[in-house]
Amino acid sequence: MPELPEVEHVVRALRRILPGRKILASQIKLPKLVAPLTPLRFNRQIKGARIDAVSRRGKFILIECQKPDRKGGQSAKSSTGKNKIVLAVHLRMTGKFLYLTPDDELPKHSHAIFYLDNDRRLVFRDQRQFGVIKLIDADSLPQTKGIKELAPEPFGDEFNEKYLKATLKNSRRTLKTLLLDQTKVLGLGNIYAAEALFRAGVNPFKSASQLSSRRTAALYQSIREVLSFAVDNIRGESLRAGFSYGEVFERFWQVYEREGEPCFKCGARIRRKQHGGRSTYWCPRCQRR
DNA sequence: ACCCTCACCTGCACGC
DNA sequence: TGCGTGCAGGTGAGGG
């Protein structure tokens, strides 16, 4: 159930194994995973493609591929050519990648299997079936619905204090809700949104437009710090069956899942409240306003 | 344009 | 043991 830092780790892991590999065939066991394509059409498009690179946009994993030409070889065209396609994968809540050896058994909830040219299988596993795999022409990726609306990358120059101030000023929603909106602030999920607000000492239920300039600056810093700390400190889960990525097992949360426990800063009991259908955790003393 | 609620799924922990 | 309830780190459709 990854937020941006976990996705970043998945990307780094895939980057170590996938570039240069060829996808011999795909097997899609859950058709809605690749909708609106059918598994058959999906496989026709991806079959024979060579993986060039793995990158990320927000929480989307982008596996960039070069399609073979009609004779079956790789296209002679360069990477700017029309034959570039991208697998845009969103893990949502429970999506994971596995990299299986021929001896490994296919675990439950393995919905997509990519047969690679080194005898390995790249498997997409997803218990809750919320995950998505889109197959997109590289050229149209920036205009793709779901991607074009995304806010600037949180580690890029465009996401700066000025941007956050303008974004908050325009919203009458609460800070917590706004931080979860990927078209406004990119990369946070329910955990890191709570952690960033705690770190900034700001109340999650405060109206976004009413946050003072000083506190907005603090929140901006906190968002970047929480995300980069997580990127630096989480570790992937290893599995006997090859390996899997997309799971955190080192936890360093200050408020998330700590209802009733003492705040590390002031000792007050951490509170939890349902807000917009999700749990919000905060320290009633450190985050009074 | 914005914002809220619900829906999408499986599985786990909990109380009775 | 079993069954009901609530909960889970994400987002999109559909409605007001």
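- In this structure, A:Asn190 places its CG atom 13 Å from P of C:dC7, rounding to the nearest Å.
- Residue A:Gly277 is classed as having no contact, given no heavy-atom separation below 4.0 Å to the nucleic acid.
- Residue side chain A:Phe130 fails the stacking definition with respect to C:dT11, as its ring centre and the base's six-membered ring centre are not both under 5.5 angstrom apart and under 30 degrees in plane angle.
- Looking at A:Asn190, its side chain does come within 3.5 Å of a backbone N or O of A:Ser279 through a donor-acceptor pair.
- The side chain of A:Lys108 contributes an N or O atom lying less than 4.0 Å from OP1 or OP2 of B:dG11.
- For C:dT11, the OP1/OP2 oxygens have a side-chain nitrogen or oxygen of A:Gln182 closer than 4.0 Å.
- A donor-acceptor contact under 3.5 Å is formed by the side chain of A:Arg128 with the base of C:dA8.
- Here A:Thr94 does not reach the OP1 or OP2 of B:dC9: none of its side-chain N or O atoms lies under 4.0 Å away.
- As rounded to whole Å, 13 Å separates atom P of C:dA8 from atom CD of A:Glu3.
- Dashed line: the shortest gap from a side-chain N or O of A:Thr177 to OP1 or OP2 of B:dC3 is not under 4.0 Å.
- Across C:dG6 and B:dC6, the matching P atoms stand 14 Å from one another, rounded to whole Å.
- Protein atom CD of A:Gln129 is 18 Å distant from nucleotide atom P of B:dA7, rounded to whole Å.
- A:Lys145 comes within 4.0 angstrom of sugar-phosphate atoms only, judged by non-hydrogen atoms across all strands, and of no base.
- Between the P atom of B:dC2 and the NZ atom of A:Lys169 lies a distance of 17 Å, rounded to the nearest Å.
- Here B:dC8 presents its P atom at 17 Å from CD of A:Gln127, a figure rounded to the nearest Å.
- With a 4.5 Å cut-off on side-chain heavy atoms, A:Phe97 and A:Val10 count as touching.
- Ion pairing between a basic and an acidic side chain is recognised when a charged N comes within 4.0 Å of a carboxylate O; A:Glu6 and A:Lys59 show no such pairing.
- Under the 4.5 Å side-chain heavy-atom criterion for ILVMFWY residues, no single connected hydrophobic cluster contains both A:Met93 and A:Leu180.
- Nearer the 5' end of DNA chain C, as judged by each residue's closest nucleotide, is the contact made by A:Arg272, out of A:Gly189 and A:Arg272.
- Figure legend: cation-pi geometry between A:Arg21 and A:Phe114 absent, as NZ or CZ is not positioned both under 6.0 Å from the six-membered ring centre and within 45° of its axis.
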Exercise for the section: With salt bridge (charged side-chain N to carboxylate O under 4.0 Å, His left out) as the test, would you mind laying out the steps for A:Glu149 and A:Lys145 before giving the verdict? Expected result: CA-CA 7 Å; A:Glu149 299 89 350; A:Lys145 193 169 159 299; 5.6 Å; no
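- Contact annotation for A:Glu257: no contact, since no heavy-atom pair falls under 4.0 Å across all strands.
- Judged by distance alone, with hydrogens and angles left aside, the side-chain atoms of A:Arg199 form no donor-acceptor pair with the main-chain N or O of A:Ala218 at under 3.5 Å.
- If you measure from atom CZ of A:Arg278 to atom P of B:dT5, you get 14 Å, rounded to the nearest angstrom.
- Within the cation-pi definition used here (under 6.0 Å to the ring centroid, within 45° of the axis), A:Lys273 qualifies as a partner of A:Phe205.
- Consecutive Watson-Crick or G-U pairing (both distances under 3.5 Å) extending over three or more pairs maps onto DNA chain B as B:2-8 with C:10-16, B:10-16 with C:2-8.
- Among C:dC7, B:dG11, C:dG12, the nucleotide with an atom closest to any side-chain atom of A:His109 is B:dG11.
- Distances shown here put every side-chain N or O of A:Lys32 at or beyond 4.0 Å from the OP1 or OP2 atom of B:dC8.
- As a whole-Å value, the separation of A:His111 NE2 from B:dC9 P is 11 Å.
- Atom CZ in A:Arg173 sits roughly 15 Å away from atom C1' in C:dG16 (whole-Å rounding).
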